[in-house]
K.L.:
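Below is a structure I'd like to ask you about.
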Amino acid sequence: MTNILTRLKNTIAADINDALDRKEKKNPIAMLNQYLRESEQETEKVRKLIERQYKLTEEFRLEHKQAVELASKRKRQAEIAAEAGDTELHEFALAEYAQYEERSGKLQTIVFEAEKQLTELERKYEEMKHKLKDMQIRRMELMGRENVTRAQTQMSKVLHNEEYSNQSYSKFQEIETYIDNLEKKVENAYYRSNIDAKVAQLEKSLKKDDSVSN
């Protein structure tokens, strides 16, 4: 059952991705958005790598500092052992000093190269960020132009499309005719409902006039 659901989920996901791909191919703005998303992801990856390089460079500096300090310490200890006449300790301290001195030299070269590489990475990273920002601004510009074009198309449809204007005018005429007919129906209904009372009032007025005349 789990395998069936997994295959079904994968199939649906593949269909959705395929549909999105087809849609993006038809829409340049969508393709640009996809490219920018990928660029943003790559920029974020570079940022994390540079952070890691910072940490490594700092660790190299620390190792170099420790090697220099230990080399200085062993050199001093060798001098003390020599003054004290302890040949064995003197030779051991000298050997340790030589190892730390060699390590210090190697680490100094590594630190120099790491700092140089870090500077280059930072420079390129800044270039990436500027390029990404330029593309984002360019996307906003294109989206603005697309929006204006759509708005102008809609306005042109209303203002300059004769067929659309005639249809709209025809709709207004239909509504106006409908309202006129409705008003007439209301008036006729009013007169029908009040005709008996009006006629009776007129008869009463006529009788009153006749009686006054006689």
K.L.:
Measure the CZ-CD distance between Arg74 and Glu101 for me, rounded to the nearest 0.5 Å.
P.N.:
13.5 Å

K.L.:
Could I get the full list of side chain to side chain donor-acceptor pair (under 3.5 Å) partners for Arg47, not counting sequence neighbours?
P.N.:
Glu44, Glu51

K.L.:
Pick out which of Lys65, Glu58, His64 makes a side-chain contact (heavy atoms from CB on, under 4.5 Å) with Val111.
P.N.:
His64

K.L.:
Could you go through the side-chain hydrogen bond (donor to acceptor under 3.5 Å, both in side chains) check for Arg139 and Gln136 one step at a time?
P.N.:
CA-CA 5 Å; Arg139 174 180 63 178; Gln136 290 171 339; 6.0 Å; no

K.L.:
Could you state the interatomic distance from CG (Leu56) to CD1 (Ile110), rounded to the nearest 0.5 Å?
P.N.:
11.0 Å

K.L.:
Between Glu102 and Lys106 (salt bridge meaning N to carboxylate O under 4.0 Å), is one present in this structure?
P.N.:
yes

K.L.:
Of all residues at least two apart in sequence or in a different chain, which pass the salt bridge (charged side-chain N to carboxylate O under 4.0 Å, His left out) check with Arg76?
P.N.:
Glu79

K.L.:
If two hydrophobic side chains count as joined below 4.5 Å and joins carry through other members, does Leu142 share a cluster with Tyr35?
P.N.:
yes

K.L.:
Would Leu118 and Phe112 show up in the same hydrophobic cluster when neighbours are defined by side-chain heavy atoms closer than 4.5 Å?
P.N.:
no

K.L.:
Once rounded to the nearest 0.5 Å, what's the spacing between atom CD of Glu115 and atom CD of Gln53?
P.N.:
10.5 Å

K.L.:
Does the side chain of Asp86 reach to within under 4.5 Å of the side chain of Glu88, using non-hydrogen atoms?
P.N.:
yes

K.L.:
Just so I know, are the side chains of Glu69 and Lys73 near enough to count as touching, which here means a heavy-atom distance under 4.5 Å?
P.N.:
no

K.L.:
Among the clusters formed by ILVMFWY side chains lying less than 4.5 Å apart, do Tyr97 and Leu70 turn up in the same one?
P.N.:
no

K.L.:
Please indicate whether Arg123 has more than 12 foreign heavy atoms, meaning atoms of other residues, nucleotides or ligands, lying under 6.0 Å from its CZ.
P.N.:
yes

K.L.:
Salt bridge (Lys or Arg N to Asp or Glu O under 4.0 Å) between Glu127 and Lys124: does it pass, once the steps are laid out?
P.N.:
CA-CA 5 Å; Glu127 288 181 4; Lys124 290 184 177 180; over 6 Å; no

K.L.:
Atom CD of Gln66 and atom CZ of Arg103: how far apart are they, to the nearest 0.5 Å?
P.N.:
9.5 Å

K.L.:
Between atom CD of Gln117 and atom CD1 of Ile50, what is the distance when rounded to the nearest 0.5 Å?
P.N.:
12.0 Å

K.L.:
In this structure, would Leu132 and Met143 fall into the same cluster of hydrophobic residues linked by side-chain contacts under 4.5 Å?
P.N.:
yes

K.L.:
Nearest 0.5 Å please: distance from the CE atom of Met128 over to the OG1 atom of Thr43.
P.N.:
3.5 Å

K.L.:
With a sphere of 6.0 Å drawn around CD of Glu141, does it hold more than 12 non-hydrogen atoms of other residues, nucleotides or ligands?
P.N.:
yes

K.L.:
Just checking, is any N or O donor in the side chain of Glu96 or Gln77 under 3.5 Å from an acceptor N or O on the other one?
P.N.:
no

K.L.:
Within a radius of less than 6.0 Å around OH of Tyr125, do more than 12 heavy atoms belonging to other residues, nucleotides or ligands occur?
P.N.:
yes

K.L.:
Keeping the roles fixed (side chain from Ser72, backbone from Val68), state whether a donor-acceptor pair exists under 3.5 Å.
P.N.:
no

K.L.:
Heavy atoms only: give me the nearest Ala114-Phe60 pair and the separation to one decimal.
P.N.:
CB-CD1, 4.0 Å

K.L.:
Would you check, one step at a time, whether the test salt bridge (Lys or Arg N to Asp or Glu O under 4.0 Å) holds for Lys116 with Glu113?
P.N.:
CA-CA 5 Å; Lys116 182 180 176 182; Glu113 288 298 323; 5.0 Å; no

K.L.:
In terms of side-chain geometry, is the basic nitrogen of Arg150 or Glu146 positioned less than 4.0 Å from the acidic oxygen of its partner?
P.N.:
yes

